[in-house]
Number of protein chains: 2
Amino acid sequence: MTTLNDIAKHVGVTTTTVSWVLNNRQKEKRISPSTCQRVRQAAQDLDYRPSFSAQSLAKGKTSSFGLVCGGLAYPFFAEMIDFAMHETRQRNHHLLLAATGWKLEAELEAFEMLLTRGVDGIMMYSNAVTPQTDQYRYIHRQQFPTVILGQKSGDLPLIQTDFMPGMMQAVEHLKKRGCRSVGYVGHWPASREKFPCFEQACQYHGMQASKWPCQTPHESVLATSREFAHHRNRPDAAIIIADNSAIVFMQGLFQEGLRVPDDVAVIGSDDISIGQYINPPLTTIARSSEMIVTQALDWLVEMTQQKKLLLGAELCVPTRLVVRQSA
Amino acid sequence: MTTLNDIAKHVGVTTTTVSWVLNNRQKEKRISPSTCQRVRQAAQDLDYRPSFSAQSLAKGKTSSFGLVCGGLAYPFFAEMIDFAMHETRQRNHHLLLAATGWKLEAELEAFEMLLTRGVDGIMMYSNAVTPQTDQYRYIHRQQFPTVILGQKSGDLPLIQTDFMPGMMQAVEHLKKRGCRSVGYVGHWPASREKFPCFEQACQYHGMQASKWPCQTPHESVLATSREFAHHRNRPDAAIIIADNSAIVFMQGLFQEGLRVPDDVAVIGSDDISIGQYINPPLTTIARSSEMIVTQALDWLVEMTQQKKLLLGAELCVPTRLVVRQSA
DNA sequence: ATGAAAGCGCTAACAT
DNA sequence: ATGTTAGCGCTTTCAT
């Protein structure tokens, strides 16, 4: 492995000079063009690659941010992370990803791992960092740039999704279609925020509400859809926790001989890109992952610059109904 | 930020001792239990976190692998990466991701970035590293652990997908269904490997073949599907480069009043998990991302241990037809 | 059972 | 226009 020193010896200067040249400080430091030339040539010839570890150790920063999230298997997250990687790069940083399989303990471990790796800030798509945790205290003590993407946790910078407007529009829309009763299909604890909005919206619009719990895996959603289809008091609409699950749910309905939206109107959540191309195109409660990511990164950058937390910062990203043909 | 030294002073020992304790070398190095105890306590009290940069600089390795790929937006990749992250962790490594937007130049840059960050090995889901490139030479000179996921590049360790068996089965299946003519829908250069298999399979089975180029974005696929639908010599089947695009293609067909599979039989590629839940469930040419990832990681581990490339290593992952209802 | 010292590759303040 | 020097936080060999 080639080091700055190797180049320095090869050219007959010191590592300092080499460092300056390779970091394009030649103007500022007044290095002669010929030296520059020779240094660059040597770097090329010797196959030089800078060492990130050494650089960040010396500089005390890594120019990278961390993102902890459950996983990439759900398209909404995949799309969000894809966007986050681009945006991070725009800000001259690298994104370190930690997928946790939605386990609280794994989320805290991921946080530790990212700290250890010296990231300059962390986005937590998780509710694991509560005021009771070591991590929460660390963030405060060190004023370590952190943004929570989820539920309020003390005074940490927070980006929340406001499911209320989308949910209200959804229920209202179902009402207008003539629906009398609607079921909420989803898993817990992921429904902690969504379900109360659902209940409230139903109450407001005088819609009969019911709850259809299921697990995350597709098979579980399918099972729930069958149960739903055969229930003697089958609702005439369903609002499903995620677009992916909504697609599966509709398939279950079809298999039981029901038609969407005529027998059951179906509304998904998140607006994943494939949703508009399935059959029938999926009506859904949309939210903008772009807004979430953009704001989170901006705050991270700001906090790293000011070297302090934006205590109490809060953004609430609205949702809205996108009407297609499934409801 | 707390360092080993801070702990050492606090406890009244040297950094060496602290290092040993915190790395659980107390047996081997015969550290007294009481010292251990005090060191650990201090680490806890002082909120100590090891510095990855310092550790890897001192040890000369990072315990991480890199994966460069086009992006996460396509579910097959998202699922593959999700799996890769888990498997990497199983092997006590971390996965550094670099998404390139499928641009050759970006792929080489990503490779450089990962080298700089000192990863212990790289998986390239890319054909950017040809024998003409600097990177290819570097890999050989340094015997740097690399696995190419794509097309043969000199004697670098290679994992390829063999599209032939799946394609043969697909065309045979269409034939049995009574199809006479089939169109290939896809974008280039991603079709470089698939399309020749398609042509060969059609020739073998005496099926009339045609080519329907499109771009990656959904809208472009939709446009192609309309063109396809209205063509005076419309094929009675279509094989599409990716499941995602197949879903969009079917939607386009529906919009033009055609039925799948009766008017046009549709076969996708890759077998993404949502495929079986759409309407009609998607017949597809499946391949195993698990096999690819598992083998790539095993080779990487082996190469890092032996400190040399597995020159000429090759694995060819087979494809197979999964028949559902779209064809 | 523990310490001293060198070094990993790079940066940056201060010379000259 | 370039060199000297002192770290950054950690591991490791060799002493004691």
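These numbers come from the heavy atoms of this one structure, side chains and all, not from hydrogens, waters or symmetry mates. Chain letters run A, B, ... following the sequence lines, proteins first and then strands; every chain starts at 1.
In terms of phosphate contacts, A/Ser19 brings no side-chain nitrogen or oxygen within less than 4.0 Å of OP1 or OP2 of C/dA12. In terms of phosphate contacts, A/Ser32 brings a side-chain nitrogen or oxygen within less than 4.0 Å of OP1 or OP2 of D/dT2.
As rounded to whole Å, 13 Å separates atom P of C/dT11 from atom CG of A/Asn5. The separation between A/Ile31 atom CD1 and D/dT2 atom P is 6 Å, rounded to whole Å. Between A/Gln37 atom CD and D/dA1 atom P the separation is 17 Å, expressed in whole Å. As rounded to whole Å, 14 Å separates atom P of D/dT12 from atom CG of B/Leu22. The nearest whole Å value for the distance from the CD1 atom in A/Ile7 to the P atom in D/dT2 is 16 Å. The distance between atom CG of A/Asp6 and atom C1' of C/dG9, rounded to the nearest whole Å, is 10 Å. Atom CD of A/Glu28 and atom C1' of C/dA13 are 13 Å apart (whole Å). Following rounding to the nearest Å, A/Met1 (CE) and C/dC8 (C1') show an atom-to-atom distance of 10 Å.
Here the side chains of B/Glu314 and B/Lys152 are in contact, with some heavy-atom distance below 4.5 Å. A heavy-atom distance below 4.5 Å is not found between the side chains of B/Lys308 and B/Met303.
In this structure, the ring of B/Phe77 has its center less than 6.0 angstrom from the ring center of B/Tyr125.
Within residues 53-65 of chain A, the residues having any heavy atom under 4.0 Å from DNA chain D are, by residue number, A/Leu57, A/Ala58.
Minimum atom distance to the side chain of B/Arg25 is reached by D/dT12, of the listed C/dG9, D/dT12, D/dC10. When each of D/dT11, C/dC10, C/dT11 is scored by its nearest atom to the side-chain atoms of B/Leu4, the top-ranked nucleotide is D/dT11.
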From CA spacing to verdict: side chain to side chain contact (heavy atoms under 4.5 Å, CB included), A/Thr17, A/Thr35: CA-CA 9 Å; A/Thr17 308; A/Thr35 306; 4.1 Å; yes
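A/Thr62 and A/Ser64 are linked by a side-chain donor-acceptor pair at a separation below 3.5 angstrom, with hydrogens and angles left out of the test. When only modelled atom types and interatomic distance are considered, A/Ser289 and A/Glu79 share no side-chain donor-acceptor pair under 3.5 Å.
Atom CG of A/Leu97 is separated from atom OG1 of A/Thr100 by 10.0 Å, given to the nearest 0.5 angstrom.
At least one donor-acceptor pair closer than 3.5 Å links the side chain of B/Thr133 to the backbone N or O of B/Thr130.
In this structure, B/Lys103 does not pair ionically with B/Glu109, as no charged nitrogen and carboxylate oxygen lie closer than 4.0 Å.
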Expected rows: protein N/O vs nucleotides 3-5 of chain D N/O, under 3.5 Å:
from: D/dG3; atom 1: OP2; to: A/Thr14; atom 2: N; distance (Å): 2.9
from: D/dG3; atom 1: OP2; to: A/Thr14; atom 2: OG1; distance (Å): 3.2
from: D/dG3; atom 1: OP2; to: A/Thr17; atom 2: OG1; distance (Å): 3.0
from: D/dT4; atom 1: O4; to: A/Thr16; atom 2: OG1; distance (Å): 3.0

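A/Phe52 comes within 4.0 angstrom of no nucleic acid atom, judged by non-hydrogen atoms across all strands.
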